[in-house]
Amino acid sequence: MAAGSARQSRVDEGELRALNPGELPTATIALAKFLLGKILVRDSAPGRVAGRIVETEAYPPGDEACHARSGRTPRNASLFLPTGHVYVYRAYGISMMLNIASEIGGVGAGVLIRALEPIAGIDIMRRRRGIEAVYRLTRGPGCLAQAFSIDPTLDGTVYAPGNALWFADDGVPASRIGSSVRIGITRNADRRWRYFVRGNRWVSGPARLNADP
DNA sequence: TGAAAGATTCGCT
DNA sequence: GCGAATCTTTCAG
């Protein structure tokens, strides 16, 4: 855990470079790939938690699987905001999902954050999740939302450095990026719009989707 | 006003 | 590996 500790101290000391919203690609699929390897930071009362993004899914404009497919409703309104806005919703009555709106606004598209590799605040995440195993803290979209205390009050807020939720770059590029079909959807199920870091232990989904080609 | 579906997780076999 | 739990939102009648 020596390497993990070193990275943790950098995060705690704020030596990360915060990403400005303007640095995010607006194109949905480009954003999904861009976010891999970046660091998600959540500041709240118990302290800071942070993790490296290792799995995303793109829901581009016109995608039949996207929540925006039937037009704008109170629930999905945040998807129609410009790139960098936060879209949070509850799935299956139990799991919160964290998305980042994409495009220039008005069209309804976004990127789902599916998995993170924990970097800082691991004890806080353990407490929130009620489990000890580090490799299960943030594996899967509902799990990471719980570990990061993602709640509906974040829905519709703008991402910006200094806010409760922000992105950072520590200069470590994501390597060995893989793609696959998206998980848990029925429409447009053949589109390979899921992206992940190959070989990373925190990537969710069935093993056959994560295997080398 | 009622019914069905859903970007999941967890536990048990 | 499979199936139940769980509840909000949306659409149809």
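Sequence lines set the chain letters: A, B, ... in the order given, protein chains first and strands last, and positions in each chain run from 1. Quick caveat, the model's predicted, so the values are computed rather than measured.
Nucleic acid contact for A:Ile94: base, since at least one base atom lies under 4.0 Å from a heavy atom of the residue. Across all strands shown, A:Arg75 has heavy atoms under 4.0 Å from sugar-phosphate atoms exclusively, and none from any base.
Side-chain proximity of A:Arg187 to the nucleotides B:dA7, B:dG6, C:dC11 is greatest for B:dG6.
Going from atom OH of A:Tyr89 over to atom P of B:dA5 covers 17 Å, rounded to whole Å. Between the OH atom of A:Tyr92 and the P atom of B:dT8 there is a distance of 5 Å, rounded to whole Å. Distance A:His67 NE2 to B:dA7 C1': 5 Å, rounded to the nearest Å. Protein atom OH of A:Tyr87 is 14 Å distant from nucleotide atom P of B:dG6, rounded to whole Å. If you take CG of A:Leu112 and P of B:dT8, they are 8 Å apart, rounded to a whole angstrom. When the P atom of C:dC7 is taken as reference, atom CG of A:Asp151 falls 17 Å away, rounded to whole Å. Between the CZ atom of A:Arg136 and the P atom of B:dG11 there is a distance of 7 Å, rounded to whole Å. In this structure, A:Glu55 atom CD and B:dA7 atom C1' are separated by 11 Å, rounded to whole Å.
When each of A:Arg69 and A:Ser95 is assigned the nucleotide of DNA chain B bearing its nearest heavy atom, the one mapping closer to the 5' terminus is A:Arg69.
Contact check, A:Thr186 against B:dA5: no side-chain N or O comes under 4.0 Å of OP1 or OP2. Between C:dT10 and A:Thr73, a contact under 4.0 Å exists linking OP1 or OP2 to a side-chain N or O. Contact annotation: A:Arg90 does not reach the phosphate of B:dT8 (side-chain N/O to OP1 or OP2, under 4.0 Å).
To the nearest 0.5 Å, atom CZ of residue A:Arg191 and atom CG of residue A:Asp63 are 8.0 Å apart. Separating the CD1 atom in A:Ile113 from the CZ atom in A:Phe167 is a distance of 5.0 Å, to the nearest 0.5 Å.
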Next on the checklist: One pair to check against ring pair (Phe, Tyr, Trp, His ring centres under 6.0 Å): A:Tyr89 and A:His67. What are the steps and the verdict?
Outcome noted: CA-CA 10 Å; A:Tyr89 72 95; A:His67 281 181; 4.4 Å; yes

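Nucleotide C:dT6 has no partner under the Watson-Crick or G-U criteria, as no pair reaches both atom distances under 3.5 Å.
Where stacking is scored as ring centres under 5.5 Å apart with planes under 30°, A:Tyr59 registers as stacked on the base of B:dA7.
For the residue pair A:Arg114/A:Ser204, the side-chain donor-acceptor check at 3.5 Å is satisfied. Side-chain atoms of A:Arg69 and A:Asn76 form no donor-acceptor pair, as typed in the model, at a separation below 3.5 Å.
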